[in-house]
Visitor: 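First the structure, which I've put down as structure tokens, then a few questions once you've had a look.
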Amino acid sequence: MLDSIKFKLEVVVPEVEIPKEKWTGRVREVKIGGKGRKEVVVGGATAMPFLDFEGEIPNPPRVAVEVRDDPSGFPPGLLSSWGDDVVNDVGSWAKKAAELGAEIITLRLTSAHPEGQNTGVEEAKSAVDKVLSAVDLPLMVIGPEIADKDNEILVPIADLAEGQRIVLGNCVENNYKTIAAACIAANHIAIAKTPLDINLAKQLNVQVSDIGVPLESILMDADMGALGYGIEYAISIDERLKLAALMGDSVTAVPIINHPGPETWRQKEAKVSEGVPESWGGYDERALYWEELSATSIIHSGADVVTLCHPKAVEYIKSMIAKLMGQ
Amino acid sequence: MALTGIQIYKLLPKTNCKECGYPTCMAFAMKLAAGQEDLSKCPYASDEAKEKLSAAAKPPMRAVTIVTNDHQLTTGAELVMYRHQKKFFNPAPLMVRVKDTASADDLNETVEEVGNYSVDRVGMTFTLDGFAVQNDSGDASTFASCVESVKSKTDMPLTLIATDPNSMSAALEKVGDSRPLIYAATKDNIDQMGQLAKKYSCPMVVKSSDGLDELAELSEKASGAGVEDIILDPGDRDLHNSLVSFTQVRRLALRKFEPFGYPIISFPGEGASSVEEEVNLAAQHIAKYANVIVMDSFSPAIAYNLLTLRLNVYTDPQAPIQLQSGIYQVGSPDEKSPLCITTNYALSYFAISGEVEATGRPSWILVVDTEGLSVLTAWSAGKFDADGIAAHIKQFDAADKVNHNSLILPGGVAILKGETEENLPDWKILVGPREAPGIGGYFRQNAQIWEG
């Protein structure tokens, strides 16, 4: 090795021995979809993200794309990237997302929000139906994140797609039993969501599994803020959860889901095109990078599923993931 | 690895002579372990003890400084793999590359645009950190005059990129008392580059073209030749391999593998097939272990994104980002707009400003200095109370901003309502929602207050 290099000085060069972490844990694999739908597997890692020299990364982080049955909460700059005809119909929206490379469709039932259109069970079922018949991708359905309303509309949806292993959310600290029970009954996957606190995340996983949801059917969402809005907390919590899983903590060894897309598009940098400092740069470019960097950061910290919003973010992040996987 | 008190105690004379000023050797050992004392206070310390303690005390990664007339840019000296373990210390400088083949006009424009770029965030101003000037022409005098030209326009720190030591030498002649970063010593030119680094007291990059073994050889050779300030270029460029090799180098540095006890430099543009990929690579490198990052692409949007990410990643987990106290605007509020109040914990502020933004109703947010504590934590620590709220209302002339004299308290501290009313008799104290996501509904339900 050293022969080809002539040294002026006598130096003893230590051989570089690459230290490898000897983790004992493995993140559980969770299968989403099936029974006529495409199936994707998430999780399964025995090393920190993409460090395949010291463990296995059997599945890449998966890209979910968010569609909404009431798109009015998204800024015009995002909606125009899909086209008006697309975003006014969740089926068309999901279909377009599938064409652009979505691996999972995240349907957020925004129309059910009590302070918005306050739609009910029928509208929710109809939105789910539209997405299910438009694409054969696995589905994730998230309610308006108002406890009573979530319980009201998510239970009938669970029945609607029985056995198709859809992801239902969110189970939260004071409201997890109803959604968890619906997941058990119809063989679905529950999202356990906690507010940026590693101990609460562990505790909720225990609670949700204690009432009968197998740990193989739980994704945990430890919450995140976008770039510039507290993403450092999410980076560290995901890293700590992943490290704990690899060190053998069974309760944290479930895949992590984060939503960098929707978190980005509610912030000023991605919403406001005029009347902001010139140093923020052009709106389209700035907003897209804001989503990409939020996603890139959280993917490097341990996210196993990320929900994105902008068509170009889907393209760039999927390309990045493929390269990180050495493909 | 730092030694424990017990390990240090075993190296001490164990005579309890008290000459160090402590009652026992054990007490002294504990102080040494905590880094609060120096072994020189023990007159009887053995050579073995001195050697082991100084080896243990040596930081795993050297701090390297790039100097110009008025700037000192320090990078490196990191201690952990993950920011939650302690923190990341020295934000990786972001430099922008210019080439000596560019026309004078293009060069001027880039230097001006990058040099003048600055952006404000959470009450602080952020800028880019310097330029990397590359000898693309292959000609020594062209390079030297390009470096001289850049130097005449900016005092920002520089990296000089050349493979030919003659070009490097010619450029170093033109930088006066500055000490730019020399890029790079390779196996073909390390002797001459090393001599230049010593002659001009400059930090120097060693660049491997064949993996980490060669990187270690070059690093050892440079330090053996007397170059103290070294920066490492492991040579990997793409997303997967740069993550792996930067991780391995940082890990080895922290395990005191001395050839790697230096900062890392990265060139995201060289591993990218598009500008978007370059930005993603730069984001990876900010979080995963680059200590100097040289960008090929620049735009205000890219700079704002990367500087924000760097601010976030390098935030001390024990000392969260704080805002300056004051009255902040969401949108363009007027005298009828709502006035909310919160603490100067940045995450509390962002949660509230984000929700207020989403309501579409322009508003005022009064930020109270609570030393960076969140609402409930600050309240229970006595740093967010009625006196403080009243003082901030007066200090920032809130009464001149709104005509409805209504102030919205966070719902979590509804208990402060009565006392705040006593302190501010002219004000109507409202109790807002407990959690930020409730703001939308709260504004709608109480719209008459601000529309009357």
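Only a predicted model underlies this, so the values are computations on that prediction, with no experimental measurement involved. Residue numbers begin at 1 in each chain, while the letters A, B, ... track the order of the sequences.
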Visitor: Treating B:R83 as the side-chain partner and A:E232 as the backbone partner, does any N or O pair qualify as donor plus acceptor under 3.5 Å?
Guide: yes
Visitor: According to ring pair (Phe, Tyr, Trp, His ring centres under 6.0 Å), does anything in residues 307-327 of chain A pair up with another residue at least two apart or in another chain? List the pairs.
Guide: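 Only A:W265-A:H310 qualify under ring pair (Phe, Tyr, Trp, His ring centres under 6.0 Å).
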Visitor: What part of A:K20 lies closer than 4.5 angstrom to a heavy atom of chain B: side chain, backbone, both or neither?
Guide: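 Only the backbone of A:K20 comes within 4.5 Å of chain B.
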Visitor: Which region of A:E269, side chain (C-beta onward) or backbone (N, CA, C, O), has a non-hydrogen atom less than 4.5 Å from a non-hydrogen atom of chain B, or is it both or neither?
Guide: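 Just its side chain gets close to chain B.
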Visitor: Heavy-atom cut-off 4.5 Å, strictly under: side chain, backbone, both or neither for A:P114 against chain B?
Guide: neither
Visitor: Do the side chain of B:Q248 and the main chain of A:I18 share a donor and acceptor less than 3.5 angstrom apart?
Guide: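 Here the side-chain-to-backbone pair does not exist.
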Visitor: Chain B heavy atoms under 4.5 Å from A:E145: which part of the residue, side chain, backbone, both or neither?
Guide: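 No part of A:E145 comes within 4.5 Å of chain B.
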Visitor: State the CE-CG distance between A:M48 and B:L243, to the nearest 0.5 angstrom.
Guide: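 Spacing of CE (A:M48) from CG (B:L243) equals 10.5 Å.
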Visitor: If I measure from the heavy atoms of chain B, does A:L243 come under 4.5 Å with its side chain, its backbone, both, or neither?
Guide: side chain
Visitor: Counting only heavy atoms closer than 4.5 Å, note whether A:L324 contacts chain B via side chain, backbone, both or neither.
Guide: both
Visitor: Of B:N280, B:N312, B:V313, B:L309, which meets side chain to side chain contact (heavy atoms under 4.5 Å, CB included) against A:S297?
Guide: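 Passing option: B:L309.
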Visitor: Measure from the side-chain N and O atoms of A:R286 to the backbone N and O of B:I302, and report whether any donor-acceptor pair falls under 3.5 Å.
Guide: no
Visitor: With sequence neighbours left out, what residues match A:P19 under side-chain contact (heavy atoms from CB on, under 4.5 Å)?
Guide: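 Scan of A:P19 (side-chain contact (heavy atoms from CB on, under 4.5 Å), adjacent residues dropped) gives B:R251, B:L252, B:R255.
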Visitor: Let me know if A:L196 has heavy atoms under 4.5 Å from chain B in its side chain, its backbone, both or neither.
Guide: side chain
Visitor: Between A:Q267 and chain B, with a heavy-atom cut-off of 4.5 Å, which part of the residue counts as in contact: side chain, backbone, both or neither?
Guide: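 Contact with chain B is through the side chain of A:Q267 alone.
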Visitor: For the pair A:Y229 and B:F350, name the ring-plane relationship: parallel under 30°, tilted 30 to 60°, perpendicular over 60°.
Guide: perpendicular
